[in-house]
Amino acid sequence: MNLYLPTVFFFLVIPFPSGDCAFGNSGVEFRSCLALEGKCFFGCKIGWTWVAFCHNILSCCVKAKNFLPPQSI
């Protein structure tokens, strides 16, 4: 019974958008991050730069324009 709540929380958090998503993820759009021309993720993808927080949990990331790593292409 002690592991019930952490287990439920774990399965609720898994489907949220993460930076390293295997299925293709375009991120979440919040007005504060859109003003910075970015997208919100749980971690920035390769080739993206962290610029701010989105609602204290997500990271607002902007696509890098210079010095892109080969993994981001």
*Asks:* In Å, rounded to the nearest 0.5 Å, how long is the span from NZ of Lys63 to NZ of Lys39?
*Replies:* 10.5 Å
*Asks:* Rounded to the nearest 0.5 Å, how far apart are CG of Leu36 and SG of Cys61?
*Replies:* 11.0 Å
*Asks:* Would you check if the side chain of Trp50 reaches a backbone N or O of Ala52 as a donor-acceptor pair within less than 3.5 Å?
*Replies:* yes
*Asks:* Identify the heavy atoms of Thr49 and Ala64 that sit nearest to each other, and give their distance.
*Replies:* OG1-CB, 3.8 Å
*Asks:* Do Cys33 and Cys60 have their SG atoms less than 2.5 Å apart?
*Replies:*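 Answer is yes: Cys60 pairs with Cys33 in a disulfide.
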*Asks:* So Phe41 and Leu58, do their side chains get closer than 4.5 Å, heavy atoms only?
*Replies:* no
